[in-house]
Amino acid sequence: LAQRATRVGVPRAESMSAPKLLDEMFQALVESKIVEPTFVIDYPVALSPLAKPKRGDPRLTERFELFANGRELSNAFSELNDPIDQRARFEAQARLRAAGDLEAAGVDEDYLRAMEYGMPPTGGVGIGIDRLLMYLTGIQHIRDVILFPTMRPE
């Protein structure tokens, strides 16, 4: 996978985890070429640690992203509400982070505790003024348009 990623222009592919490589390859090979509004659905579990598994295929999740003009406009998914599955995914993310994937999450004990008390089925949609500003101004990264500077890294 790392060799293929290197061939398509993914920098530092040899140091990335398999999920990160898949995401980078998607960005390099597909995302930038999507012109018409397109929903990409059924993301792999490894790329969606907070999303509920898809009924009928536990390798995938109930997640979609909307793309147009080579950009992501929204991200949405049914949130996982199984604390045992969520703990396993957080632990897998923590291993990826320890191996050098800085975008991978760690284990959030408070979130897991809330789930253990009985989190109801929920969903999330990420679309808002920041994504619209990215689209209108041609800015590539959401962190460059967020309204609250305290959320930006120094």
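Since the model is a prediction, treat every value here as computed from it, not as a measurement.
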I'd like to know if the side chain of [X] reaches the main chain of [Y], judged simply by a donor and an acceptor atom lying under 3.5 Å from each other, with no hydrogens or angles considered.
| X | Y | result |
| --- | --- | --- |
| Asn69 | Arg71 | no |
| Thr38 | Glu36 | yes |
| Gln86 | Pro49 | yes |

Do [X] and [Y] have side chains that get closer than 4.5 Å, going by heavy atoms?
| X | Y | answer |
| --- | --- | --- |
| Lys52 | Glu79 | no |
| Leu66 | Val40 | no |
| Pro19 | Leu96 | yes |
| Arg95 | Glu91 | yes |

Kindly work out whether a path of hydrophobic side-chain contacts (I/L/V/M/F/W/Y, heavy atoms less than 4.5 Å apart) joins [X] to [Y].
| X | Y | answer |
| --- | --- | --- |
| Tyr43 | Leu1 | yes |
| Met119 | Val107 | yes |
| Val45 | Leu112 | no |
| Phe67 | Phe77 | no |
| Val8 | Ile34 | yes |

Review point. Should Glu109 and Arg113 count as an ion pair when the cut-off is N to O under 4.0 Å?
Key: no
Check your understanding: When rounded to the nearest 0.5 angstrom, what distance separates CZ in Arg63 from CG in Asn75?
Key ->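 Taking CZ in Arg63 and CG in Asn75, the distance rounds to 4.5 Å.
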Review point. Going by atom types alone, do Asp23 and Gln27 pair a side-chain donor with an acceptor below 3.5 Å?
Key: yes
